[in-house]
Amino acid sequence: MNIANKLTVLRIFLVFPAIFFVLCDWLPYRWFLAFCIFLAASFTDYLDGKIARKYGYITDFGKIMDPLADKMLIISMYICFVGLGISPILPVVLIVLREFLITSLRFLVSEKKNIVISANIFGKLKTLSQIIAVSAVMVSQMYIEIFGNNYVVALNLLVSTLIWLSCAFSIISGVIYLYQSKKILFSNR
(Lines give C-alpha, C1' and ligand atoms only; values in the text may rest on other atoms or scores of the structure.)
Protein backbone atom coordinates (compact mmCIF):
# COMPACT_ATOMS: atom_id res chain seq x y z
CA MET A 1 0.00 0.00 0.00
CA ASN A 2 2.17 2.82 -1.31
CA ILE A 3 1.36 6.55 -1.22
CA ALA A 4 -0.25 6.51 -4.68
CA ASN A 5 -2.62 3.72 -3.64
CA LYS A 6 -3.39 5.50 -0.37
CA LEU A 7 -4.42 8.58 -2.37
CA THR A 8 -6.73 6.39 -4.44
CA VAL A 9 -8.34 5.02 -1.26
CA LEU A 10 -8.65 8.59 0.07
CA ARG A 11 -10.50 9.56 -3.12
CA ILE A 12 -13.00 6.76 -2.48
CA PHE A 13 -13.61 8.02 1.05
CA LEU A 14 -14.08 11.61 -0.19
CA VAL A 15 -17.04 10.49 -2.30
CA PHE A 16 -19.25 10.22 0.79
CA PRO A 17 -18.88 13.78 2.15
CA ALA A 18 -19.24 15.13 -1.41
CA ILE A 19 -22.59 13.33 -1.73
CA PHE A 20 -23.62 14.54 1.73
CA PHE A 21 -23.03 18.20 0.91
CA VAL A 22 -24.68 17.99 -2.52
CA LEU A 23 -27.83 16.49 -1.03
CA CYS A 24 -28.10 18.60 2.16
CA ASP A 25 -30.22 21.47 0.84
CA TRP A 26 -30.65 22.87 4.36
CA LEU A 27 -26.90 23.40 4.77
CA PRO A 28 -25.53 26.86 3.96
CA TYR A 29 -22.67 26.90 1.44
CA ARG A 30 -23.30 23.26 0.61
CA TRP A 31 -22.31 23.69 -3.04
CA PHE A 32 -19.10 25.41 -2.09
CA LEU A 33 -18.24 22.65 0.39
CA ALA A 34 -19.16 19.90 -2.11
CA PHE A 35 -17.08 21.65 -4.78
CA CYS A 36 -14.02 21.87 -2.49
CA ILE A 37 -14.27 18.19 -1.63
CA PHE A 38 -14.82 17.26 -5.27
CA LEU A 39 -11.76 19.29 -6.34
CA ALA A 40 -9.66 17.70 -3.58
CA ALA A 41 -10.76 14.23 -4.69
CA SER A 42 -10.07 15.08 -8.34
CA PHE A 43 -6.63 16.39 -7.40
CA THR A 44 -5.81 13.08 -5.70
CA ASP A 45 -6.44 11.43 -9.08
CA TYR A 46 -3.82 13.65 -10.72
CA LEU A 47 -1.43 13.33 -7.78
CA ASP A 48 -1.57 9.56 -7.38
CA GLY A 49 -0.87 9.05 -11.08
CA LYS A 50 2.05 11.46 -11.03
CA ILE A 51 3.57 9.85 -7.92
CA ALA A 52 3.02 6.32 -9.24
CA ARG A 53 4.79 7.09 -12.52
CA LYS A 54 7.62 9.12 -10.96
CA TYR A 55 8.53 6.59 -8.28
CA GLY A 56 7.53 3.40 -10.07
CA TYR A 57 4.62 2.70 -7.74
CA ILE A 58 2.49 1.31 -10.55
CA THR A 59 0.62 -1.70 -9.17
CA ASP A 60 -2.24 -3.87 -10.33
CA PHE A 61 -4.21 -2.55 -7.34
CA GLY A 62 -3.69 1.00 -8.59
CA LYS A 63 -4.47 0.13 -12.19
CA ILE A 64 -7.82 -1.31 -11.13
CA MET A 65 -8.76 0.85 -8.13
CA ASP A 66 -7.73 4.22 -9.58
CA PRO A 67 -10.27 4.14 -12.42
CA LEU A 68 -12.83 2.55 -10.08
CA ALA A 69 -12.40 5.44 -7.62
CA ASP A 70 -12.86 7.91 -10.49
CA LYS A 71 -16.05 6.15 -11.53
CA MET A 72 -17.42 6.18 -7.99
CA LEU A 73 -16.77 9.91 -7.66
CA ILE A 74 -18.16 10.95 -11.04
CA ILE A 75 -21.15 8.59 -11.16
CA SER A 76 -22.27 9.50 -7.64
CA MET A 77 -22.18 13.21 -8.51
CA TYR A 78 -24.07 12.71 -11.78
CA ILE A 79 -26.74 10.59 -10.08
CA CYS A 80 -27.16 13.23 -7.37
CA PHE A 81 -27.54 15.92 -10.06
CA VAL A 82 -30.22 13.90 -11.86
CA GLY A 83 -32.01 13.29 -8.56
CA LEU A 84 -31.99 17.03 -7.86
CA GLY A 85 -33.27 17.78 -11.37
CA ILE A 86 -30.21 19.79 -12.42
CA SER A 87 -28.83 17.39 -15.02
CA PRO A 88 -30.38 15.78 -18.07
CA ILE A 89 -31.06 12.08 -17.50
CA LEU A 90 -30.08 10.49 -20.83
CA PRO A 91 -26.36 11.41 -20.89
CA VAL A 92 -26.02 10.30 -17.26
CA VAL A 93 -27.67 6.95 -18.04
CA LEU A 94 -25.30 6.49 -21.01
CA ILE A 95 -22.28 7.41 -18.89
CA VAL A 96 -23.29 5.03 -16.09
CA LEU A 97 -23.94 2.18 -18.53
CA ARG A 98 -20.57 2.81 -20.20
CA GLU A 99 -18.78 2.81 -16.86
CA PHE A 100 -20.36 -0.48 -15.74
CA LEU A 101 -19.64 -2.13 -19.08
CA ILE A 102 -16.00 -1.02 -19.19
CA THR A 103 -15.39 -1.87 -15.53
CA SER A 104 -16.80 -5.36 -16.10
CA LEU A 105 -14.64 -5.75 -19.17
CA ARG A 106 -11.59 -4.49 -17.27
CA PHE A 107 -12.08 -7.24 -14.68
CA LEU A 108 -12.73 -9.87 -17.35
CA VAL A 109 -9.54 -9.01 -19.25
CA SER A 110 -7.58 -8.95 -16.01
CA GLU A 111 -8.89 -12.35 -14.93
CA LYS A 112 -8.76 -14.15 -18.28
CA LYS A 113 -5.50 -12.75 -19.64
CA ASN A 114 -3.85 -11.40 -16.49
CA ILE A 115 -3.49 -8.03 -18.23
CA VAL A 116 -4.61 -4.69 -16.87
CA ILE A 117 -5.32 -2.22 -19.65
CA SER A 118 -4.18 1.21 -18.52
CA ALA A 119 -6.14 4.32 -19.39
CA ASN A 120 -5.22 5.82 -22.76
CA ILE A 121 -5.44 9.45 -23.84
CA PHE A 122 -9.14 9.11 -24.65
CA GLY A 123 -9.85 7.72 -21.19
CA LYS A 124 -7.97 10.63 -19.67
CA LEU A 125 -9.93 13.11 -21.84
CA LYS A 126 -13.15 11.41 -20.70
CA THR A 127 -12.18 11.83 -17.07
CA LEU A 128 -11.15 15.46 -17.59
CA SER A 129 -14.39 16.28 -19.42
CA GLN A 130 -16.39 14.68 -16.61
CA ILE A 131 -14.49 16.63 -13.95
CA ILE A 132 -15.14 19.84 -15.88
CA ALA A 133 -18.85 19.02 -16.30
CA VAL A 134 -19.35 18.17 -12.61
CA SER A 135 -17.41 21.28 -11.58
CA ALA A 136 -19.57 23.41 -13.90
CA VAL A 137 -22.74 22.05 -12.31
CA MET A 138 -21.43 22.87 -8.83
CA VAL A 139 -20.21 26.34 -9.78
CA SER A 140 -23.52 27.14 -11.50
CA GLN A 141 -25.38 26.04 -8.38
CA MET A 142 -23.10 28.23 -6.23
CA TYR A 143 -23.86 31.14 -8.55
CA ILE A 144 -27.61 30.53 -8.28
CA GLU A 145 -27.36 30.34 -4.47
CA ILE A 146 -25.56 33.67 -4.32
CA PHE A 147 -27.10 35.69 -7.16
CA GLY A 148 -30.46 34.02 -7.68
CA ASN A 149 -31.91 32.95 -11.00
CA ASN A 150 -30.23 35.61 -13.16
CA TYR A 151 -28.81 33.97 -16.26
CA VAL A 152 -30.09 30.56 -15.13
CA VAL A 153 -31.13 29.64 -18.69
CA ALA A 154 -27.62 30.33 -20.00
CA LEU A 155 -26.08 28.44 -17.07
CA ASN A 156 -28.34 25.43 -17.65
CA LEU A 157 -27.47 25.42 -21.36
CA LEU A 158 -23.75 25.54 -20.57
CA VAL A 159 -24.03 22.77 -17.97
CA SER A 160 -26.12 20.54 -20.27
CA THR A 161 -23.64 21.07 -23.10
CA LEU A 162 -20.70 20.10 -20.89
CA ILE A 163 -22.53 17.01 -19.60
CA TRP A 164 -23.36 15.92 -23.17
CA LEU A 165 -19.73 16.56 -24.17
CA SER A 166 -18.52 14.36 -21.32
CA CYS A 167 -21.02 11.73 -22.49
CA ALA A 168 -19.54 11.88 -26.01
CA PHE A 169 -16.00 11.44 -24.66
CA SER A 170 -17.28 8.56 -22.51
CA ILE A 171 -18.75 6.78 -25.50
CA ILE A 172 -15.68 7.35 -27.70
CA SER A 173 -13.27 6.11 -25.03
CA GLY A 174 -15.60 3.17 -24.31
CA VAL A 175 -15.62 2.09 -27.96
CA ILE A 176 -11.81 2.27 -28.04
CA TYR A 177 -11.60 0.23 -24.83
CA LEU A 178 -14.00 -2.37 -26.26
CA TYR A 179 -11.78 -2.70 -29.33
CA GLN A 180 -8.62 -3.07 -27.20
CA SER A 181 -10.31 -5.63 -24.96
CA LYS A 182 -11.56 -7.64 -27.93
CA LYS A 183 -8.06 -7.82 -29.38
CA ILE A 184 -6.62 -9.00 -26.06
CA LEU A 185 -9.38 -11.46 -25.21
CA PHE A 186 -9.32 -13.14 -28.60
CA SER A 187 -5.55 -13.20 -29.04
CA ASN A 188 -3.67 -16.48 -28.60
CA ARG A 189 -1.59 -15.19 -25.68
Side-chain angles (χ1 to χ4, degrees), residues 1-23 31-82 87 92 94-139 162-163 166-167 169-174 176-178 180-181 184-185:
M1 189 49 88
N2 58 52
I3 186 70
N5 290 341
K6 287 178 183 175
L7 286 168
T8 297
V9 172
L10 174 63
R11 184 161 62 260
I12 292 169
F13 283 113
L14 287 174
V15 169
F16 302 103
I19 292 170
F20 174 79
F21 287 120
V22 165
L23 295 179
W31 287 107
F32 175 74
L33 295 169
F35 182 61
C36 289
I37 291 168
F38 178 76
L39 284 183
S42 298
F43 184 69
T44 66
D45 183 31
Y46 164 77
L47 197 58
D48 72 22
K50 191 166 183 74
I51 289 170
R53 285 185 297 277
K54 183 175 182 179
Y55 296 106
Y57 292 156
I58 298 170
T59 63
D60 285 343
F61 175 86
K63 286 180 183 176
I64 290 173
M65 290 307 294
D66 180 62
L68 197 57
D70 296 342
K71 289 170 187 9
M72 289 175 64
L73 179 64
I74 296 297
I75 288 174
S76 64
M77 292 297 99
Y78 276 144
I79 290 172
C80 287
F81 299 159
V82 167
S87 172
V92 172
L94 293 173
I95 289 168
V96 170
L97 289 174
R98 181 262 186 219
E99 298 298 356
F100 279 114
L101 174 67
I102 298 306
T103 299
S104 300
L105 231 106
R106 185 180 297 272
F107 286 121
L108 179 68
V109 169
S110 177
E111 186 171 307
K112 296 284 184 193
K113 295 291 186 166
N114 202 23
I115 295 172
V116 177
I117 302 174
S118 297
N120 60 30
I121 187 67
F122 294 101
K124 293 180 188 305
L125 285 172
K126 173 211 55 125
T127 301
L128 180 63
S129 71
Q130 290 175 341
I131 289 169
I132 290 169
V134 169
S135 295
V137 170
M138 291 180 172
V139 169
L162 290 171
I163 290 171
S166 75
C167 179
F169 278 117
S170 296
I171 291 169
I172 291 166
S173 68
I176 292 168
Y177 194 89
L178 282 170
Q180 290 174 324
S181 299
I184 291 169
L185 285 171

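Quick caveat: nothing in here was measured; it's all calculated off a predicted structure.
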Measure the [atom1]-[atom2] distance between [X] and [Y] for me, rounded to the nearest 0.5 Å.
{"X": "Ile19", "Y": "Leu73", "atom1": "CD1", "atom2": "CG", "answer": "8.5 Å"}
{"X": "Ile37", "Y": "Phe20", "atom1": "CD1", "atom2": "CZ", "answer": "9.5 Å"}
{"X": "Leu47", "Y": "Ser42", "atom1": "CG", "atom2": "OG", "answer": "12.5 Å"}
{"X": "Ile95", "Y": "Ser87", "atom1": "CD1", "atom2": "OG", "answer": "7.5 Å"}
{"X": "Ile12", "Y": "Leu7", "atom1": "CD1", "atom2": "CG", "answer": "11.5 Å"}
{"X": "Ser170", "Y": "Leu97", "atom1": "OG", "atom2": "CG", "answer": "11.0 Å"}

| query | So does Phe61 have more than 12 non-hydrogen atoms from other groups sitting under 6.0 Å from CZ? | reply | yes
Do [X] and [Y] have side chains that get closer than 4.5 Å, going by heavy atoms?
{"X": "Val22", "Y": "Met138", "answer": "yes"}
{"X": "Gln130", "Y": "Lys71", "answer": "no"}
{"X": "Leu125", "Y": "Ser173", "answer": "no"}
{"X": "Ser135", "Y": "Leu39", "answer": "yes"}
{"X": "Arg11", "Y": "Met65", "answer": "no"}
{"X": "Val109", "Y": "Gln180", "answer": "no"}
{"X": "Val82", "Y": "Tyr78", "answer": "no"}
{"X": "Val9", "Y": "Met1", "answer": "yes"}

Non-hydrogen atoms of [X] and [Y] that approach each other most closely:
{"X": "Leu185", "Y": "Lys112", "answer": "CD2-CB, 4.1 Å"}
{"X": "Thr44", "Y": "Ala41", "answer": "OG1-O, 2.5 Å"}
{"X": "Ser166", "Y": "Ile163", "answer": "OG-O, 2.8 Å"}
{"X": "Ala52", "Y": "Ala4", "answer": "CB-CB, 3.9 Å"}

| request: Measure from the side-chain N and O atoms of Ser129 to the backbone N and O of Lys126, and report whether any donor-acceptor pair falls under 3.5 Å. | output: yes
| Main-chain N/O of Leu94 paired with Arg98 side-chain donor or acceptor, under 3.5 Å | no
| task | In sequence, state the C-alpha distance, the side-chain angles, and the governing distance for Val134 and Phe81, and then conclude on side-chain contact (heavy atoms from CB on, under 4.5 Å). | result | CA-CA 9 Å; Val134 169; Phe81 299 159; 3.9 Å; yes
| task | Could you list the residues that satisfy ring pair (Phe, Tyr, Trp, His ring centres under 6.0 Å) with Phe32, not counting sequence neighbours? | result | none
| field | Pair Ile74-Thr127, side-chain contact (heavy atoms from CB on, under 4.5 Å): steps then yes or no | value | CA-CA 9 Å; Ile74 296 297; Thr127 301; 5.7 Å; no
| said: Could you work out, with side-chain contact (heavy atoms from CB on, under 4.5 Å) as the rule, every residue matching Leu178, not counting sequence neighbours? | reply: Leu101, Ile102, Leu105
| Option among Thr8, Asn5, Asn2 that satisfies the side-chain hydrogen bond (donor to acceptor under 3.5 Å, both in side chains) test with Thr59 | Asn5
| field | Parallel, tilted or perpendicular: ring planes of Phe43 versus Tyr46, cut at 30 and 60 degrees | value | tilted
| task | Give the C-alpha distance, both sets of side-chain angles, the deciding distance and a yes or no for side-chain contact (heavy atoms from CB on, under 4.5 Å) between Asp48 and Tyr57. | result | CA-CA 9 Å; Asp48 72 22; Tyr57 292 156; over 6 Å; no
